[in-house]
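Numbering of residues begins at 1 and proceeds along the displayed sequence. In what follows, every heavy atom counts, from backbone to side chain, and hydrogens, waters and symmetry copies are set aside.
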Amino acid sequence: MRATLAATLFVSVCVLSGPAGSAPETSPAPTPKPAAFVRGDDRRQAGEVIELRLRSIELDLERTTLHSDLNLIGALAMSSRDERFGGLSGLVWEAGRGLSAISDRGWRVMGLPDRVSPPPTIDAVRIAPLLGPYGEALSDTGTDAEGVASHQKGGWLVSFEQEHRIWRYPQPGSPAMKVRGAPEWKELQGNSGLEAVATGPNGAVFAIPERSGDLHRPFPVWRRAGEAWETLHLPRSGDFLITDAAVGPDGRLYVLERSLSLLGGFAMRIRRANVAGMADGALLQTEEMALFPVGSGVDNMEGMSFAPGGDGRREARLLVVSDDNFRFFQRTLLVEFVLAY
């Protein structure tokens, strides 16, 4: 979602913002229209190289709380002169490809840094459009990509709000394949739809909307298990809304949340819940992993992904990115944690 501040507000926003199941069935991509998609088109498939500037930043940890399993490594501010860079709303880490992001204006950004300390040297960041089922570039409300996750058979799953759907990309630069959705998606709010998509090691797929429809109603967590979507329920707490989710190496579902104060800026929270063995309709029990309150230095945190740790230890890196809404007073931040499990 494009979280915004009132135009007349003078604030600084350098602040905080299952059971085993088969992968969802996809419909075959329709026959491409002539000249819409040409295999070997480097600009659309590999993308164009853009310059990326990195700068280490300090977060204010005075009131931040972290679970004992989670350790903060640091944060980077990322910027580019390319006007297409920004609005990052989903992250995915892949072996051999590293870290990629999707934006809510229909772009995919590949080759992003996946570590923040010390700032890495970046020389191959590329940007390219997400494509529709015919290989066409997306347009209008159809560009609003919000979540991305690796598919069990390769490629990506990408969730969209506005036009609520999940598409599969067998390769990041290929035309989309439509994924059969849950009937409830038709009733989702316009700018508060499928904010998060996550996949488990057993092929299960999870999808979560930004809003639940009522402050006292849990967030629905749709899980594809077998041939049908089931619904789990994630309790709401405070004024936080869902921005992304990822299944950790421990098999638990990690949920990224954001809240916005018009007088202070953004806050960020990460919670996790055990989803293994949870039956359809179950209410999930959560525990807080991280809370960065207003004033701690984070921004509109919207994307999250796990990456391997190292040295053979039971550790994984957790990466979180912010959506700057293409506004000069916001930043694209990459925050890195290490999770012990």
Side-chain angles (χ1 to χ4, degrees), residues 18-21 24 65-71 90-92 146-150 152 157 159 166 182 184 188 192-226 228-259 267-292 301-307 314-320 335 337-341:
T65 59
L66 288 175
H67 191 281
S68 59
D69 290 347
L70 201 63
N71 180 42
L91 283 181
V92 59
E146 293 290 344
V148 58
S150 294
Q152 184 185 33
L157 291 176
S159 63
I166 291 177
E184 297 91 337
L188 292 173
S192 304
L194 296 178
E195 193 78 13
V197 62
T199 53
N202 58 4
V205 176
F206 300 86
I208 315 176
E210 181 183 14
R211 298 176 183 269
S212 65
D214 185 273
L215 290 174
H216 305 290
R217 182 185 304 160
F219 296 103
V221 179
W222 289 292
R223 177 180 64 191
R224 181 79 186 218
W229 287 95
E230 301 174 340
T231 307
L232 306 175
H233 302 279
L234 181 76
R236 287 189 70 153
S237 174
D239 57 357
F240 284 89
L241 300 176
I242 303 293
T243 57
D244 208 356
V247 175
D250 54 3
R252 286 180 277 194
L253 182 68
Y254 288 73
V255 178
L256 176 66
E257 297 172 293
R258 169 212 56 220
S259 70
M268 177 190 82
R269 183 172 67 187
I270 299 173
R271 291 189 289 166
R272 72 179 175 187
N274 183 23
V275 291
M278 294 296 176
D280 186 15
L283 181 66
L284 301 176
Q285 302 299 313
T286 69
E287 61 179 330
E288 185 176 275
M289 301 301 295
L291 175 62
F292 286 72
M301 312 309 293
E302 286 223 3
M304 179 170 69
S305 182
F306 282 96
R314 289 180 61 84
E315 292 182 347
R317 292 178 295 120
L318 180 58
L319 302 163
V320 183
V335 182
F337 301 90
V338 170
L339 173 73
Y341 63 97

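Contact between Ala245 and Ala196 at its shortest, heavy atoms only, is N-CB, 3.6 Å. When every heavy atom of Leu91 is checked against every heavy atom of Asp244, the shortest pair comes out as N-OD2, 4.2 Å. In plain terms, the two heavy atoms of Pro218 and Leu283 that are nearest each other are CG-CD1, 4.2 Å. Taking all atoms of both residues into account, the shortest heavy-atom contact from Leu188 to Pro209 is CD2-CB, 3.9 Å. The two residues Ala207 and Ile166 make their nearest non-hydrogen contact at CB-CD1, 4.0 Å. Counting all heavy atoms, side chain and backbone alike, Pro249 lies closest to Ala316 at CG-CB, 3.7 Å.
Atom CE in Met301 sits 13.0 Å away from atom OG in Ser259 (nearest 0.5 Å). How far CD of Glu302 is from CD of Glu210: 7.5 Å, rounded to the nearest 0.5 Å. How far CG of Leu253 is from CZ of Phe206: 6.0 Å, rounded to the nearest 0.5 Å. The distance from the CG atom of Asn202 to the CD atom of Gln152 is 7.5 Å, given to the nearest 0.5 Å. Separating the CZ atom in Phe306 from the OH atom in Tyr341 is a distance of 10.0 Å, to the nearest 0.5 Å. With values rounded to the nearest 0.5 angstrom, Met268 atom CE is found 10.5 Å from Glu257 atom CD.
Judged as a side chain to side chain donor-acceptor pair (under 3.5 Å), and not counting sequence neighbours, Thr199 has no contacts. When the side chain to side chain contact (heavy atoms under 4.5 Å, CB included) test is applied to Thr231, the partners found at least two apart in sequence or on another chain are Glu184, Pro220, Trp222, His233, Asp280. Not counting sequence neighbours, the partners of Ala290 by the side chain to side chain contact (heavy atoms under 4.5 Å, CB included) test are Leu66, Leu70, Ile270, Phe292. The ring pair (Phe, Tyr, Trp, His ring centres under 6.0 Å) test applied to Phe219 returns no partner, not counting sequence neighbours. Contacts of Asp69 classified as side chain to side chain donor-acceptor pair (under 3.5 Å), with partners at least two apart in sequence or in another chain: Arg272.
Proximity of Asn274 to Gln285: side-chain heavy atoms (C-beta onward) are nowhere separated by under 4.5 Å. The side-chain heavy atoms of Asn71 and Glu315, taken from C-beta on, include no pair separated by under 4.5 Å.
Residues Glu195 and Arg258 are not paired through a salt bridge, judged by the lack of any N-O separation under 4.0 Å between the basic side chain and the carboxylate.
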Could you go through residues 235-242 and list every donor-acceptor pair under 3.5 Å that involves a side-chain atom there, pairing it with any protein atom two or more places apart or in another chain?
from   : atom 1 : to     : atom 2 : distance (Å)
Arg236 : NH1    : Ser212 : OG     : 2.9
Arg236 : NH1    : Asp214 : O      : 3.3
Ser237 : OG     : Arg269 : NH1    : 3.3

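Just one residue in the list Arg317, Arg314, Met289, His67 forms a side chain to side chain contact (heavy atoms under 4.5 Å, CB included) with Leu339, and that residue is Met289.
Ser305 places no side-chain N or O within 3.5 Å of a backbone atom of Leu319 that could act as its donor or acceptor partner.
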